[in-house]
Amino acid sequence: MTNLLIPAPPRPYGTSAPRRPLGGHGAFAVLLALAAGLRITTMLGYRPARIYYGDSFAYLSLAAHPRPSWGFQPSGYPFLLALLRPFHSVTFVVATQHALGLATGMLVYAVLRRHSLPAWGAAAAAVPQLFDASFLQLEHAVLSDALFIFLVVAAITVLMWSPGPATRAGAAAGALLGLAALTRTIALPLFLLVLAHLVVRRTGRRPVLATAAAGVLPIALYASWYASVYGRFTLAGGDGVALWARTMTFANCRVIHPPEREARLCPAGTRQDAAGEYVWAADSPINRFPGGPAAANDVARSFALRAIAAQPLDYAADVARDVSLAFHWTPARHPKRVTPAFGFAKGRVPLPDVPEARRALASYDPGAGDYRSVEPYSGFLRVYQYPAYLRGPVLAAILAVGALGVRRRARLPWIAAAALLVLPVAVLDFDHRYVLPVVPVACIAAALAVADLRMGRRHPLPPRSPLLDD
């Protein structure tokens, strides 16, 4: 008798499968419908959308007046907001993001089915993306996360769809990763890792060049735009400040011996409980630097690189410590002033009494008001969020299982998951938001690793699709 846990070998392209309801995807269709219902409940339970002071209002302002953002992230997400601006509704924005969340779950399922995993196994791998309450919360906020996660998973899916990949698939994946880098700069090193993976796999010169060219094009165009405004060819202006903040948890200027100008950025007795807090604290050296963070970026980068070179073990230890926060059973409070993960609450969050923020929101959505909970929908979500949370040890187990398949089909998604987990911490700090992009690609890697291990040999790659061939 055939073991249902062992994936069947892929059918030759173009052959038909036995007819079954919904083409054998009935179980996933039910899960997708339930996940859509959860997102409708979220929209009914919390209105109009979660808008965070600082980030959300900056995004809305950039959508109304397109320009490159000086801060930590480029203006990729405001581009999406600008496309949706004719609807003048932040509710429509979060509805779009909920749709992206569902689409991301569909991509996880589709790529695993393409690799001949059984329907139940592919559906199980998509469950965290579809049902974790943390995804519901971020999709319901005016933040870049849902778009970023979709772009990354779409790129991984395209690259894994067929062996090779073909030149067209490489170009599509490169373009998606380029757009992801314009949404969050952490996708830039991920793009370089993907190129290295293609080279190591010896996929051929044309696919590698197509991937590189398609990814570099949007990045170069945006950096040129940035240079025309700020005089510097880059994606964002706060990279030096971010890396400097990372070093503040261990920097010892008696070891670093910085030059006089950089010495102004030494900790000087300032202590925060998280690296990211050094960016915002009023008494932080970066905020006491003449001209503030904008003027200090290059000096801060130089200081940070000098600190890492002088104290590499301290840097590695602090990064490892903060990465480990992702694996706590109870979500770690980091920094301690925040309550992580469980964000569905009862009540009303008034708009900030800041004229610029109110004008940015009114310009985008004149009818938007205070964020408020609505019963009984919000009551259900407040209960739902506690069991519907991917606990840290479970994420660690998923990553560990995926690591068992790095010599096989799981290599690319596992590398992407590891990079998305470590890189944000290495260049700034740990944040529970930054862990969520890890989840769908880690689940793809783990599912493929389990399938390959049960086969006991290298499983055949899926057939190349003629649509993606040269």
Side-chain angles (χ1 to χ4, degrees), residues 2-18 20 22-29 31-32 103-130 150 152-166 168-170 172-173 176 194 197-198 200-203 207 211 398-418 438-469:
T2 301
N3 189 338
L4 295 178
L5 294 176
I6 300 177
R11 296 185 302 276
Y13 184 82
T15 60
S16 59
R20 288 177 289 177
L22 295 175
H25 306 303
F28 181 72
L31 290 178
L32 194 64
T104 303
M106 293 172 67
L107 289 172
V108 172
Y109 177 80
V111 73
L112 291 175
R113 291 292 282 148
R114 176 70 176 175
H115 280 258
S116 300
L117 267 72
W120 67 265
V127 164
Q129 167 66 39
L130 294 175
F150 171 78
V152 169
V153 175
I156 299 298
T157 298
V158 169
L159 286 171
M160 297 184 65
W161 196 254
S162 296
R168 293 178 185 176
L176 288 165
V194 165
H197 168 78
L198 295 179
V200 170
R201 277 197 59 194
R202 300 180 181 178
T203 55
T211 305
I398 291 171
L399 287 165
V401 170
L404 299 176
V406 293
R407 297 182 62 185
R408 300 179 180 180
R409 295 179 295 172
R411 178 188 300 163
L412 177 59
W414 192 87
I415 289 172
V438 176
V439 174
V441 284
C443 287
I444 292 173
L448 290 173
V450 169
D452 285 343
L453 289 170
R454 292 199 63 84
M455 288 293 293
R457 58 182 174 84
R458 189 181 299 274
H459 190 274
L461 287 170
R464 186 188 291 276
S465 167
L467 296 177
L468 296 177
D469 282 351

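No experiment lies behind these values; they were computed from the predicted model shown. Side chains included, hydrogens not; waters and symmetry mates left out as well; all remaining heavy atoms used.
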Is a side-chain donor or acceptor of His115 paired with a backbone partner of Met160 at a separation under 3.5 angstrom?
yes
Do the non-hydrogen side-chain atoms of Val438 and Leu399 ever get within less than 4.5 Å of each other?
yes
Between [X] and [Y], what is the shortest heavy-atom contact and its length?
X      : Y      : answer
Ala103 : Phe150 : CB-CE1, 3.8 Å
Leu31  : Ala123 : CD1-CB, 3.8 Å
Ala445 : Ala410 : O-CB, 3.3 Å
Thr211 : Pro207 : OG1-O, 2.8 Å
Ala446 : Val401 : O-CG1, 3.8 Å
Gly105 : Ala126 : O-CB, 3.6 Å

Interatomic spacing from [atom1] in [X] to [atom2] in [Y] - rounded to 0.5 Å:
X      : Y      : atom1 : atom2 : answer
Leu107 : Gln129 : CG    : CD    : 9.0 Å
Leu412 : Leu198 : CG    : CG    : 7.5 Å
Leu117 : Tyr109 : CG    : OH    : 10.5 Å

Is there a side-chain contact (heavy atoms from CB on, under 4.5 Å) between Arg408 and Leu448 once you walk through the steps?
CA-CA 8 Å; Arg408 300 179 180 180; Leu448 290 173; over 6 Å; no
Consider side-chain contact (heavy atoms from CB on, under 4.5 Å). Of Val111, Val439, Val108, which one does Val153 pass it with?
Val108
Test side-chain contact (heavy atoms from CB on, under 4.5 Å) applied to Val152 and Thr104, step by step
CA-CA 9 Å; Val152 169; Thr104 303; over 6 Å; no
Between Arg113 and Phe28, does a side-chain contact (heavy atoms from CB on, under 4.5 Å) hold up when you go through it step by step?
CA-CA 11 Å; Arg113 291 292 282 148; Phe28 181 72; over 6 Å; no
